[in-house]
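Following: one structure in structure tokens, then a few remarks.
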Amino acid sequence: MQREMFACENGLQGDPRLKAISEAIRVIPHFPKQGIMFQDITTLLLDHKAFKDTIDIFVDRYKHMNISVVAGVEARGFIFGPPIALAIGAKFVPLRKPRKLPGQVISENYVLEYGTDCLEMHVGAVQPGERALVIDDLVATGGTLSAAIKLLERARAEVVECACVIGVPEIKDQILLGWLLSSLSRIALTQVVGLSTSRAVWDALQKHYASKSRARIMQLRPQTVMLQQHPVANVAT
Amino acid sequence: MSDNGKCEDPRVHDIKTKIRVVPNFPKPGIMFQDITTLLLDPKAFKDTVDLFVERYKGKNISVVAGVEARGFIFGPPIALAIGAKFVPLRKPRKLPGEVIREEYVLEYGTDCLEMHIGAVEAGERALVVDDLIATGGTLCAAMNLLEHVGAEVVECACVIELPDLKSTAIRTIKLFSAGSAIGHLSLAQSKECVKFLLARSYVE
């Protein structure tokens, strides 16, 4: 399922505000665990101008799209969502971890690397037919955003777009990976089980089939040398 | 209920009516003050933010610290409007990088608030924002964090005050172990050094 995603750099090539925004985000290695390069937006929030510019960029894009709902994913979506909602005249709907919202809720489970998690939204917060925006600070696998979209669609709202300050490169790779895998035969798929990047898949396929291809070429070459044209028979003139 | 000696701002009435009470949440006997219904009304939400902005603009406040998670909803719009930075105060292990921690007492057990080292500098004037003040425990932890790095907490701003705040605060003083938190609460009682601004939108 393809969803339009708006990462800061898309369609904004050369916007003078982007450089400062990008530089204001700091990377913390190995948080929350080894191997993860954590994109920390708190340093962006310390720079008033850069924070304001971030909000303005989103507001400029969405203010004429007739959006009546801004849904923010707990907790960093709560930081960016409300200023956008206030500026475009929309309501703000918090999407929360389980058991945080009082009153009646609908829940949507989603898959994590290990295990599952769950997002909740208040019943009655969103009306059928409303046009909605989903906000989070960052999109990685898209799992959380997919759950957010499902919640809004279950309430029969239309999700116009998902807006994130940071688009982690892995998401583009995940899309590419999905295309690669869907183009493979069953036999080829067995060679790439468990691989999680498109590069890894490509390398595995190349390694596996290149050796066979080389062998096949060696087989065919002498045969082509030996080929002779048979006498042509019964050619009509 | 705190009275600033003026007539109630006409916007406050609508704000009050937008807050809903959910009985017995998160546990029996608690009447939960739910601000999410306020957020569904763009005008009332805007009015809430405006009330705070009007009070704090031009007071040379450079830091708005919001308490996770509902302080994240009200704090940033205020920070953006008054030209201040926004500093999230979070539950343990959420903030990456180096943090300082402040423990505080709950009814049963303790909890903890964290702030990034380097987010706030000595001498900065700060505002603490949360949706609601009950015992004041969380806000005191927030104030301690900011004062620990040498900032001056100008005020704590909350949308809702629970009516029995003062009596609960006195109880809380006795429960806290010796430390600056006690001093702050008692200062608040006697000298009003830390003032709590309320939009007076609690619901009976």
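All heavy atoms count here, side chains included; hydrogens, waters and symmetry mates do not. Given the structure is predicted, the values throughout are model-derived calculations rather than measurements. Protein chains get the first letters and strands the later ones, always in sequence-line order, with residue 1 at the start of each.
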Checklist entry - Taking Pro94(A), Pro83(A), Gly77(A) one by one, which has the highest count of heavy-atom pairs under 4.5 Å against chain B? => result Pro83(A)
Item to check | Heavy-atom neighbours of Lys57(B) NZ exceed 12 at 6.0 Å | outcome: no
Checklist outcome for this item: Okay, Arg99(A) and chain B: the region with an atom under 4.5 Å from a heavy atom over there is backbone
Next on the checklist: Heavy-atom count check: over 12 atoms from other residues, nucleotides or ligands less than 6.0 Å from Lys19(A) NZ?
Outcome noted: no
Checklist entry - With a 4.5 angstrom heavy-atom cut-off, which part of Phe25(B) approaches chain A: side chain, backbone, both or neither? => result side chain
Next on the checklist: I need the residue from Gly66(B), Ala84(B), Pro23(B), Pro26(B) with the largest number of non-hydrogen atom pairs under 4.5 Å to chain A.
Outcome noted: Ala84(B)
Checklist entry - Quick one: what part of Lys49(A) sits under 4.5 Å from any heavy atom of chain B, side chain, backbone, both or neither? => result neither
Item to check | Atom pair NE2 (His122(A)) and CD (Gln104(A)), whose distance is rounded to the nearest 0.5 Å | outcome: 9.5 Å
Checklist entry - Taking it one step at a time, do Val67(B) and Leu113(B) satisfy side-chain contact (heavy atoms from CB on, under 4.5 Å)? => result CA-CA 8 Å; Val67(B) 180; Leu113(B) 219 52; 4.3 Å; yes
Checklist outcome for this item: Per-residue tally against chain B (heavy atom, under 4.5 Å) across Ile79(A), Leu44(A), Val126(A) peaks at Ile79(A)
Item to check | Leading residue by heavy atom contact count with chain B [cutoff under 4.5 Å; candidates Phe51(A), Phe80(A), Phe38(A)] | outcome: Phe51(A)
Checklist outcome for this item: Rounded to the nearest 0.5 angstrom, the CZ-NE2 distance for Arg101(B) and His148(B) is 13.0 Å
Item to check | Top contributor to chain A contacts, counting heavy-atom pairs under 4.5 Å, from Leu80(B), Val22(B), Val49(B) | outcome: Leu80(B)
Item to check | Proximal component of Val120(B), with respect to chain A [non-hydrogen, under 4.5 Å] | outcome: neither
Item to check | Distance in Å, Ile19(B) CD1 paired with Asp41(B) CG, rounded so as to fall on 0.5 Å steps | outcome: 11.5 Å
Checklist entry - Roughly how far, to the nearest 0.5 Å, is the CG atom of Leu195(A) from the OG1 atom of Thr197(A)? => result 7.0 Å
Next on the checklist: Among Pro76(B), Ala119(B), Gly83(B), Ala69(B), which residue has the highest count of heavy-atom pairs closer than 4.5 Å to chain A?
Outcome noted: Gly83(B)
Item to check | chain B contact via Phe78(A) - which portion, at a heavy-atom distance below 4.5 Å | outcome: both
Checklist entry - Side chain, backbone, both or neither: which part of Ile28(A) has an atom under 4.5 Å from a heavy atom of chain B? => result side chain
Item to check | Structural part of Lys43(B) lying under 4.5 Å from a heavy atom of chain A | outcome: neither
Checklist entry - Quick one: CZ on Arg76(A) to CD on Gln39(A), what's the gap to the nearest 0.5 Å? => result 10.5 Å
Checklist entry - Between atom CG of Leu152(A) and atom SG of Cys162(A), what is the distance when rounded to the nearest 0.5 Å? => result 9.0 Å
